[in-house]
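Heavy-atom basis, side chains included; hydrogens, waters and symmetry copies ignored.
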Amino acid sequence: MNLFDGRRGGAGDQGTISIRSLEKRHGRDGRLVRALAGITLEIPFGQFVAIMGPSGSGKSTLLHLLGGLDRPTSGEIVIGDRNVGEMSDDEITTFRRRKIGFVFQFFNLLPTLTAVENVGLPLLIDGMPSPVVQKRAAAALAQVGLGHRGHHRPEELSGGEMQRVAIARALVIDPIIILADEPTGNLDSTMGEEVLDLLRNTHRERRATLVMVTHEARAAGYAERKITVHDGQVVHDTAVAVTAGRTG
(Lines give C-alpha, C1' and ligand atoms only; values in the text may rest on other atoms or scores of the structure.)
Protein backbone atom coordinates (compact mmCIF):
# COMPACT_ATOMS: atom_id res chain seq x y z
CA MET A 1 0.00 0.00 0.00
CA ASN A 2 1.43 3.38 -0.99
CA LEU A 3 0.64 5.64 1.94
CA PHE A 4 0.77 8.74 -0.23
CA ASP A 5 -2.10 7.60 -2.47
CA GLY A 6 -5.38 9.07 -1.23
CA ARG A 7 -6.18 9.28 2.47
CA ARG A 8 -6.70 6.24 4.68
CA GLY A 9 -7.46 2.75 3.43
CA GLY A 10 -10.07 0.41 4.82
CA ALA A 11 -9.86 -1.98 7.74
CA GLY A 12 -8.62 -4.77 5.48
CA ASP A 13 -5.31 -3.04 4.63
CA GLN A 14 -2.26 -5.01 5.70
CA GLY A 15 0.96 -3.48 6.94
CA THR A 16 2.98 -2.57 9.99
CA ILE A 17 4.88 0.16 11.71
CA SER A 18 8.39 -1.32 11.94
CA ILE A 19 10.75 0.25 14.50
CA ARG A 20 14.27 -1.10 14.10
CA SER A 21 17.20 -0.50 16.48
CA LEU A 22 15.91 2.99 17.22
CA GLU A 23 18.23 5.27 19.18
CA LYS A 24 17.92 8.90 20.20
CA ARG A 25 20.74 10.76 21.95
CA HIS A 26 20.90 14.40 22.90
CA GLY A 27 22.91 16.68 25.13
CA ARG A 28 21.61 17.80 28.51
CA ASP A 29 23.46 19.83 31.15
CA GLY A 30 26.76 19.18 29.42
CA ARG A 31 26.32 15.42 29.20
CA LEU A 32 25.06 13.01 26.56
CA VAL A 33 21.66 11.47 27.32
CA ARG A 34 20.51 8.30 25.57
CA ALA A 35 16.73 8.79 25.46
CA LEU A 36 16.16 5.63 23.38
CA ALA A 37 18.59 2.73 23.46
CA GLY A 38 17.99 0.55 20.43
CA ILE A 39 14.24 -0.14 20.49
CA THR A 40 12.86 -2.69 18.02
CA LEU A 41 9.07 -3.14 17.67
CA GLU A 42 6.42 -4.19 15.18
CA ILE A 43 2.98 -2.57 15.43
CA PRO A 44 0.40 -3.99 12.99
CA PHE A 45 -1.88 -1.48 11.30
CA GLY A 46 -5.16 -1.18 13.18
CA GLN A 47 -3.81 -2.03 16.64
CA PHE A 48 -4.43 0.04 19.80
CA VAL A 49 -1.15 0.21 21.73
CA ALA A 50 -0.44 1.85 25.09
CA ILE A 51 3.15 2.85 25.82
CA MET A 52 3.88 3.17 29.54
CA GLY A 53 6.86 4.18 31.60
CA PRO A 54 8.03 6.62 34.27
CA SER A 55 9.01 10.21 33.52
CA GLY A 56 12.21 10.24 31.47
CA SER A 57 11.77 6.64 30.28
CA GLY A 58 11.71 7.63 26.60
CA LYS A 59 8.03 6.97 25.88
CA SER A 60 7.22 10.48 24.61
CA THR A 61 10.46 10.57 22.64
CA LEU A 62 9.37 7.38 20.90
CA LEU A 63 5.97 8.88 20.09
CA HIS A 64 7.55 12.06 18.67
CA LEU A 65 9.83 10.00 16.45
CA LEU A 66 6.86 7.94 15.22
CA GLY A 67 5.08 11.16 14.28
CA GLY A 68 8.06 12.64 12.47
CA LEU A 69 8.30 15.49 14.99
CA ASP A 70 11.94 14.58 15.58
CA ARG A 71 14.62 12.52 13.84
CA PRO A 72 16.36 9.50 15.39
CA THR A 73 20.09 9.44 16.00
CA SER A 74 20.21 5.96 14.46
CA GLY A 75 17.89 3.13 13.50
CA GLU A 76 14.77 3.46 11.37
CA ILE A 77 11.00 3.68 11.33
CA VAL A 78 9.17 2.14 8.37
CA ILE A 79 5.42 2.83 8.08
CA GLY A 80 3.84 0.57 5.51
CA ASP A 81 6.13 0.89 2.51
CA ARG A 82 7.78 4.18 3.49
CA ASN A 83 10.99 4.64 5.45
CA VAL A 84 10.42 7.81 7.47
CA GLY A 85 14.15 8.46 7.74
CA GLU A 86 14.48 8.62 3.96
CA MET A 87 11.82 11.31 3.60
CA SER A 88 12.83 14.91 2.98
CA ASP A 89 11.63 17.58 5.40
CA ASP A 90 8.86 18.54 2.97
CA GLU A 91 7.77 14.91 2.54
CA ILE A 92 7.62 14.26 6.26
CA THR A 93 5.65 17.47 6.82
CA THR A 94 3.12 16.36 4.20
CA PHE A 95 3.01 12.87 5.70
CA ARG A 96 2.23 14.24 9.17
CA ARG A 97 -0.41 16.62 7.86
CA ARG A 98 -2.27 13.98 5.82
CA LYS A 99 -1.67 10.68 7.58
CA ILE A 100 -1.09 11.22 11.31
CA GLY A 101 -3.57 12.64 13.82
CA PHE A 102 -2.05 14.05 17.02
CA VAL A 103 -3.74 14.36 20.43
CA PHE A 104 -1.71 16.16 23.11
CA GLN A 105 -2.05 16.48 26.88
CA PHE A 106 -2.51 20.26 26.76
CA PHE A 107 -4.86 20.24 23.73
CA ASN A 108 -2.80 22.71 21.61
CA LEU A 109 -5.87 24.61 20.44
CA LEU A 110 -5.50 28.13 19.08
CA PRO A 111 -7.34 30.45 21.52
CA THR A 112 -8.49 32.92 18.87
CA LEU A 113 -10.22 30.25 16.76
CA THR A 114 -13.57 28.61 17.35
CA ALA A 115 -13.86 24.87 17.83
CA VAL A 116 -14.84 24.27 14.21
CA GLU A 117 -11.99 26.49 13.00
CA ASN A 118 -9.46 24.63 15.17
CA VAL A 119 -10.69 21.29 13.84
CA GLY A 120 -10.59 22.42 10.22
CA LEU A 121 -7.16 24.03 10.40
CA PRO A 122 -5.17 20.97 9.14
CA LEU A 123 -7.39 20.75 6.07
CA LEU A 124 -7.17 24.48 5.43
CA ILE A 125 -3.36 24.35 5.64
CA ASP A 126 -3.45 21.45 3.17
CA GLY A 127 -5.23 23.66 0.63
CA MET A 128 -8.72 22.23 0.86
CA PRO A 129 -11.52 24.65 -0.18
CA SER A 130 -13.11 26.49 2.74
CA PRO A 131 -16.68 25.14 2.23
CA VAL A 132 -15.36 21.56 2.27
CA VAL A 133 -13.26 22.29 5.34
CA GLN A 134 -16.29 23.71 7.15
CA LYS A 135 -18.40 20.66 6.33
CA ARG A 136 -15.78 18.09 7.34
CA ALA A 137 -14.86 19.95 10.53
CA ALA A 138 -18.51 20.18 11.58
CA ALA A 139 -18.94 16.45 10.92
CA ALA A 140 -15.84 15.62 13.00
CA LEU A 141 -17.14 17.72 15.90
CA ALA A 142 -20.49 15.96 15.70
CA GLN A 143 -18.71 12.61 15.84
CA VAL A 144 -17.15 13.52 19.21
CA GLY A 145 -20.45 14.84 20.54
CA LEU A 146 -19.71 18.55 20.17
CA GLY A 147 -21.71 19.50 17.11
CA HIS A 148 -23.49 22.14 19.21
CA ARG A 149 -20.23 23.77 20.38
CA GLY A 150 -18.65 24.54 17.03
CA HIS A 151 -18.73 28.32 17.40
CA HIS A 152 -17.28 28.39 20.91
CA ARG A 153 -13.65 29.32 21.55
CA PRO A 154 -11.41 27.20 23.82
CA GLU A 155 -11.86 29.52 26.81
CA GLU A 156 -15.60 28.78 26.69
CA LEU A 157 -15.08 25.00 26.82
CA SER A 158 -14.32 22.60 29.68
CA GLY A 159 -11.10 20.60 29.71
CA GLY A 160 -12.93 17.49 28.52
CA GLU A 161 -14.57 19.44 25.71
CA MET A 162 -11.24 20.91 24.63
CA GLN A 163 -9.75 17.43 24.44
CA ARG A 164 -12.72 16.28 22.36
CA VAL A 165 -12.08 19.18 19.98
CA ALA A 166 -8.45 18.07 19.79
CA ILE A 167 -9.55 14.52 18.98
CA ALA A 168 -11.89 15.83 16.28
CA ARG A 169 -8.96 17.77 14.81
CA ALA A 170 -6.93 14.54 14.74
CA LEU A 171 -9.79 12.65 13.06
CA VAL A 172 -10.75 15.24 10.45
CA ILE A 173 -7.86 14.26 8.15
CA ASP A 174 -8.98 10.59 8.24
CA PRO A 175 -5.58 9.44 9.52
CA ILE A 176 -3.97 6.04 9.21
CA ILE A 177 -2.28 6.59 12.61
CA ILE A 178 -3.46 8.45 15.73
CA LEU A 179 -0.77 9.38 18.26
CA ALA A 180 -2.01 10.40 21.71
CA ASP A 181 0.49 11.79 24.25
CA GLU A 182 -0.96 11.60 27.79
CA PRO A 183 -4.46 12.48 26.50
CA THR A 184 -5.99 12.33 30.01
CA GLY A 185 -3.09 13.91 31.89
CA ASN A 186 -4.80 17.29 32.22
CA LEU A 187 -8.30 15.96 33.01
CA ASP A 188 -10.13 14.76 36.09
CA SER A 189 -11.02 11.08 36.34
CA THR A 190 -14.55 11.45 34.97
CA MET A 191 -13.51 13.50 31.96
CA GLY A 192 -10.51 11.23 31.47
CA GLU A 193 -12.74 8.15 31.26
CA GLU A 194 -14.98 9.85 28.71
CA VAL A 195 -11.98 10.73 26.54
CA LEU A 196 -10.61 7.17 26.79
CA ASP A 197 -14.01 5.74 25.83
CA LEU A 198 -14.07 8.08 22.85
CA LEU A 199 -10.57 7.09 21.72
CA ARG A 200 -11.32 3.38 22.07
CA ASN A 201 -14.65 3.61 20.26
CA THR A 202 -13.06 5.69 17.50
CA HIS A 203 -10.37 3.06 17.10
CA ARG A 204 -12.97 0.30 16.86
CA GLU A 205 -15.02 2.17 14.26
CA ARG A 206 -12.18 3.41 12.06
CA ARG A 207 -9.52 0.74 12.69
CA ALA A 208 -6.84 3.38 12.49
CA THR A 209 -3.67 2.51 14.38
CA LEU A 210 -3.77 4.17 17.81
CA VAL A 211 -0.59 4.61 19.85
CA MET A 212 -1.13 6.21 23.25
CA VAL A 213 1.53 7.27 25.75
CA THR A 214 0.31 7.17 29.34
CA HIS A 215 1.62 6.74 32.87
CA GLU A 216 -1.78 5.52 34.11
CA ALA A 217 -2.40 1.77 34.34
CA ARG A 218 -6.16 2.32 34.04
CA ALA A 219 -5.73 4.21 30.77
CA ALA A 220 -3.46 1.45 29.43
CA GLY A 221 -6.28 -1.01 30.18
CA TYR A 222 -8.24 0.44 27.27
CA ALA A 223 -5.61 -0.73 24.79
CA GLU A 224 -5.12 -4.11 23.12
CA ARG A 225 -1.40 -4.17 23.85
CA LYS A 226 0.78 -2.59 26.54
CA ILE A 227 4.45 -1.77 25.97
CA THR A 228 6.47 -0.66 29.00
CA VAL A 229 9.58 1.43 28.41
CA HIS A 230 12.32 2.07 30.98
CA ASP A 231 15.64 3.84 30.44
CA GLY A 232 15.01 3.96 26.70
CA GLN A 233 14.39 0.23 26.32
CA VAL A 234 11.32 -2.01 26.07
CA VAL A 235 11.07 -4.06 29.27
CA HIS A 236 7.57 -5.53 28.82
CA ASP A 237 5.36 -6.09 25.79
CA THR A 238 2.08 -7.84 26.53
CA ALA A 239 -1.47 -8.22 25.24
CA VAL A 240 -4.11 -6.60 27.45
CA ALA A 241 -7.40 -8.15 28.57
CA VAL A 242 -9.50 -5.07 27.82
CA THR A 243 -12.02 -4.59 30.61
CA ALA A 244 -11.76 -0.88 31.51
CA GLY A 245 -14.49 1.66 30.91
CA ARG A 246 -17.82 1.33 29.23
CA THR A 247 -18.54 -0.74 26.18
CA GLY A 248 -20.09 0.45 22.96
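- Under a 3.5 Å cut-off, the side chain of D126 and the backbone N or O of P122 do not form any donor-acceptor pair.
- Between I39 and Q233 the shortest heavy-atom distance is CG1-CA, 4.2 Å.
- Put simply, the side chain of R169 never gets that close to the backbone of N118: no donor and acceptor are under 3.5 Å apart.
- A donor-acceptor pair is defined here as one N or O able to donate and one able to accept, closer than 3.5 Å; no such pair exists between the side chain of E23 and the backbone of S74.
- Proximity of a side-chain donor or acceptor of E156 to a complementary backbone N or O of R153 within less than 3.5 Å is detected.
- In this structure, T94 and M87 have side chains that are not in contact, with every pair of non-hydrogen atoms separated by 4.5 Å or more.
- Nearest heavy atoms, P72 versus L22: CB-CD1, 3.5 Å.
- Here the closest non-hydrogen pair linking G192 and L187 is N-CB, 4.0 Å.
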* To do: Starting from the C-alpha separation in whole Å, work towards a yes-or-no answer on side chain to side chain contact (heavy atoms under 4.5 Å, CB included) for R164 and E194.
  => CA-CA 9 Å; R164 284 175 176 266; E194 290 183 4; 3.8 Å; yes

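- Two residues are said to be in side-chain contact when any heavy atoms from C-beta on lie closer than 4.5 Å; M52 and H236 fail this criterion.
- Heavy-atom neighbours of H152 NE2 from other residues, nucleotides or ligands within 6.0 Å: above the threshold of 12.
- With hydrogens and angles disregarded, no donor-acceptor distance shorter than 3.5 Å links the side chain of K226 to the backbone of G221.
- D231 has no carboxylate O lying under 4.0 Å from a charged side-chain N of R34, or vice versa, which leaves the two without a salt bridge.
- Side-chain atoms of R96 never come within 3.5 Å of backbone atoms of F102 as a donor-acceptor pair (strictly under, hydrogens ignored).
- With hydrogens and angles ignored, the 3.5 Å screen pairs a side-chain donor or acceptor of T209 with a backbone N or O of G46.
- Side-chain N or O atoms of R20 include none that pairs as donor or acceptor with a backbone N or O of E76 at under 3.5 Å.
- Taking a 6.0 Å sphere around NE2 of H151, one finds it holds 12 or fewer heavy atoms contributed by other residues, nucleotides or ligands.
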* To do: Dump the intermediate steps for side chain to side chain contact (heavy atoms under 4.5 Å, CB included) on K59 and E182, then the final yes or no.
  => CA-CA 10 Å; K59 60 186 186 298; E182 299 281 6; 3.7 Å; yes

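- The two residues V213 and S60 make their nearest non-hydrogen contact at CG1-OG, 4.0 Å.
- Nearest heavy atoms, A208 versus P175: CB-O, 3.7 Å.
- For the side-chain contact (heavy atoms from CB on, under 4.5 Å) criterion with F48, the lone passing option out of R204, R200, R225 is R200.
- In this structure, the side chains of E117 and L110 stay at 4.5 Å or more apart for every pair of heavy atoms.
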* I would like to know whether D237 and L41 meet side chain to side chain contact (heavy atoms under 4.5 Å, CB included); could you show each step before the answer? => CA-CA 9 Å; D237 185 352; L41 287 171; 3.8 Å; yes

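- When all heavy atoms of F45 and G80 are compared, the closest pair comes out as CZ-N, 3.5 Å.
- Checked by atom type and distance alone, the side chain of S88 pairs as donor or acceptor with a backbone atom of E91 at under 3.5 Å.
- Between L36 and L65 the shortest side-chain heavy-atom distance falls below 4.5 Å.
- A distance-only check finds a donor-acceptor pair linking the side chain of Q163 to the backbone of F104 [under 3.5 Å].
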* Could you go through the side chain to side chain contact (heavy atoms under 4.5 Å, CB included) check for I173 and R97 one step at a time? => CA-CA 8 Å; I173 65 170; R97 190 168 64 236; 6.0 Å; no

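- Taking the side chain as every heavy atom from C-beta outward, R206 and D174 approach each other to under 4.5 Å.
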